[in-house]
Amino acid sequence: MSTSQPGRASQSNNSGPESVPSSRPLMDSLEDNLSEMLRRLGASADIVVRRLDTEAGLPMAVVYIDGLINTDIINQSILQPLTNMFLQNEGKEAKGSTAEQLRARLLPIGQIQECKTFESAFSMLFEGHTLILMDGNKAVLSMDTTGWETRSINEPTSQAVVRGPKEGFTENLRTGTSLLRRKIKSPDLRIEEYKIGERTQTNIAMVYLKGITDDQILEEVRRRLNAIQTDAILESNYIEEFIQDGKWTPFPTIQNSERPDAVAAGILEGQVALLIDGTPFALLTPATFFSFFQSSEDYYQRYDVASFLRMIRILSFFVSMMLPALYIAITTFHQEMVPTPLLVSLAAQREGVPFPALVEALVMELTFDVLREAGVRMPRAIGPAVSIVGALVLGQAAVQAGLVSAAMVIVVSFTAICNFVIPSQVISNALRLIRFVMMIVAGVLGLFGITSFLMFLMIHMAGLSSVGVPYLSPVAPMTPRYLKDVFIRAPQVLLKIRPKLAAKQEAYRQAQISKTNPSHDSSNKGGQSP
């Protein structure tokens, strides 16, 4: 029995009652147990208690929560066998029997567990299990009768691809683990379950591939999960913030994905996946800076096209981060760098604009972020209206009114488009914050400020790590043999070695492929063809 404190993560490989902290043991009186349960549950309207009590038989009660269970399973596999037992006058024979004997003789349900404390019984009850309390037994039988409504498997909305699987995780944890099992049919795939959150008791599944993932990384992830003490886990970001490295950095050190194929690929490369019940977003750790520019679609199309698109993403990252800052710095401090015709055109556009370029850019960027947030949260029927307002009022009308220049509208618009090219939403959001700081630095110090801030960012990123893995690896520290899948995506025949991200064992993932030329072989055999 676990002795961890409430709220601390408790591990259970079998989801048994041992995953709940030790507490008050059950009593041998049915009435005392029922009274204590109902007292602690507060007579909630969805708590159902069905008594099966006869004078000659074994008094017992069936307890479950309406809405979390499958009523067909309860009626056919629990209530009907127990009722027949009493009708056939077997209740008297069953009197004094243990919970283990009742489970073995009567109940046709696959997963039945035994709870010996009130807390473990409540934990099973809130997960959709049905409890059977018997008079004279200090144990409660818990049967898996989970049957609440779940969302069907649909295409991921945040990571859509043109070519590739169209299935995504759902909010159901068991659906997520089954999707990974379908993709990695290996006995080495390990799933460890944790229960985190004093009040939510959220189920967390840690998935990894034994023999591939580094043992030190596994131990570190386990330690960080066990160190979490909180009352609620409602989404994967709760876990991400608790276990991530570098609390004071805008750069994410843990990936999230809605796609089972992306998570399975990470597991095969030695990463540890964390699936959280109640959210379709799984976590992958450790993660490096360059992993946020990789997309599942890179591996579903030709390597040359995938390499070109990956370089476009990296270029878009720098454009999105630096374009407004460069515009501010050059038009404010370094006009000599601009060709004369272009400088005259920019000056003509800015004639009549009362604000300096820095204020102009900050206003436009803030306005775009306001429009973006409004578009995300507005009902779909009103969404097009926001687009029209943004395009007409903030584009054409603002320029005609002399509030902003046309060049600034082009700069902010192209920056926003480049921001959407990046496949990872978390690194894209980090970029939005960095862009504002860089614009302010450029407006105060010009190109000198931009260069200094970039050097600060590089030093900061070089000091980051993700569960012990350097954040800029394999570029810093430089490991040339692992660069085949960083800036470009090399052909599959050349990707023989797993990235030294988290896989310290079984480095080779494919054998040498020898290609033969049939015509060449035929000529060596005297030109005979079949």
Side-chain angles (χ1 to χ4, degrees), residues 159 161 213-214 217 240 244-246 249-257 259 261-273 282-301 303-322 418-434 454-455 457-492 494-504 507 509:
Q159 294 173 308
V161 296
T213 307
D214 186 7
I217 290 177
E240 181 177 344
Q244 71 178 359
D245 298 70
T249 176
F251 294 101
T253 55
I254 295 178
Q255 284 181 272
N256 67 69
S257 178
R259 300 185 59 85
D261 56 332
V263 175
I267 293 173
L268 290 169
E269 291 186 350
Q271 289 180 285
V272 179
L283 303 178
L284 278 172
T285 186
T288 64
F289 174 70
F290 300 100
S291 61
F292 291 97
F293 296 94
Q294 298 176 354
S295 170
S296 301
E297 208 168 11
D298 290 351
Y299 306 92
Y300 304 151
Q301 56 188 346
Y303 65 89
D304 47 0
V305 177
S307 300
F308 173 72
L309 294 178
R310 186 175 294 180
M311 287 188 287
I312 289 289
R313 293 184 205 121
I314 296 175
L315 179 63
S316 298
F317 173 83
F318 288 103
V319 170
S320 179
M321 181 174 63
M322 298 179 60
C418 289
N419 207 40
F420 289 119
V421 174
I422 303 169
S424 173
Q425 190 69 30
V426 286
I427 197 77
S428 177
N429 291 335
L431 195 55
R432 293 163 64 185
L433 300 178
I434 295 172
L454 283 177
M455 291 178 63
L457 279 182
M458 292 300 297
I459 295 172
H460 172 68
M461 293 170 68
L464 291 177
S465 64
S466 178
V467 199
V469 176
Y471 193 55
L472 292 180
S473 63
V475 176
M478 175 66 74
T479 313
R481 63 186 306 196
Y482 299 118
L483 291 176
K484 297 177 182 176
D485 196 17
V486 177
F487 299 107
I488 61 169
R489 203 274 281 172
Q492 286 288 352
L494 299 180
L495 299 177
K496 302 173 187 174
I497 304 175
R498 300 181 198 281
K500 196 177 180 181
L501 179 67
K504 298 293 179 63
R509 56 183 171 187

Sorted by chain and number, sequence neighbours left out, side chain to side chain contact (heavy atoms under 4.5 Å, CB included) with F293 holds for F289, R313, I314, F317, I422
For T249, the side chain to side chain contact (heavy atoms under 4.5 Å, CB included) test, sequence neighbours excluded, returns F251, H460, L464
Heavy-atom nearest pair, F290 first then L472, reads CE1-O, 3.5 Å
ask   = Taking S428 for the side chain and S424 for the main chain, is one N or O donor matched with an acceptor at less than 3.5 Å?
value = no
Sorted by chain and residue number, the side chain to side chain contact (heavy atoms under 4.5 Å, CB included) partners of A273 (sequence neighbours excluded) come out as V207, V263, I267, L275, L284
Across all chains, not counting sequence neighbours, the side chain to side chain donor-acceptor pair (under 3.5 Å) partners of Q159 are S257
When rounded to the nearest 0.5 Å, the distance separating CG of L431 from CZ of F318 is 10.0 Å
Taking every heavy atom of P423 against every heavy atom of F292, the minimum-distance pair comes out as CG-O, 3.6 Å
Sorted by chain and residue number, the side chain to side chain donor-acceptor pair (under 3.5 Å) partners of S320 (sequence neighbours excluded) come out as N419, R435
Contacts of D261 meeting side chain to side chain donor-acceptor pair (under 3.5 Å) (sequence neighbours excluded), chain-then-number -> R259, Y300
For residues 457-483, the salt bridge (charged side-chain N to carboxylate O under 4.0 Å, His left out) pairs (sequence neighbours left out) are none
Shortest non-hydrogen pair, T213 vs G270, comes out as CG2-O, 3.2 Å
Show me the donor-acceptor pairs within less than 3.5 Å that the side chains of residues 483-492 make with the rest of the protein, sequence neighbours left out.
from : atom 1 : to   : atom 2 : distance (Å)
D485 : OD1    : Y299 : OH     : 3.1
D485 : OD1    : R310 : NH1    : 2.9
D485 : OD1    : R310 : NH2    : 3.3
D485 : OD2    : Y299 : OH     : 2.6
R489 : NE     : D298 : O      : 3.1
R489 : NH2    : D298 : O      : 3.2
R489 : NH2    : Q301 : O      : 2.7

Here the pair of heavy atoms bringing S465 nearest to T253 is O-CG2, 4.0 Å
Here the salt bridge (charged side-chain N to carboxylate O under 4.0 Å, His left out) pairs for residues 458-479, sequence neighbours left out, are none
Taken in chain and number order and not counting sequence neighbours, the residues that satisfy side chain to side chain contact (heavy atoms under 4.5 Å, CB included) with D304 are R302
Could you please spell out the steps behind the side-chain contact (heavy atoms from CB on, under 4.5 Å) verdict for T285 and S466? CA-CA 7 Å; T285 186; S466 178; 3.7 Å; yes
All heavy atoms of D245 vs all of G468, minimum pair found to be OD2-N, 4.5 Å
Heavy atoms of P252 and I427 approach each other most closely as CD-CD1, 3.7 Å
Q: I would like to know whether I434 and M322 meet side-chain contact (heavy atoms from CB on, under 4.5 Å); could you show each step before the answer?
A: CA-CA 9 Å; I434 295 172; M322 298 179 60; over 6 Å; no
Here the gap from I254 atom CD1 to Q271 atom CD, rounded to the nearest 0.5 Å, amounts to 10.5 Å
Contacts of S316 meeting side chain to side chain donor-acceptor pair (under 3.5 Å) (sequence neighbours excluded), chain-then-number -> none
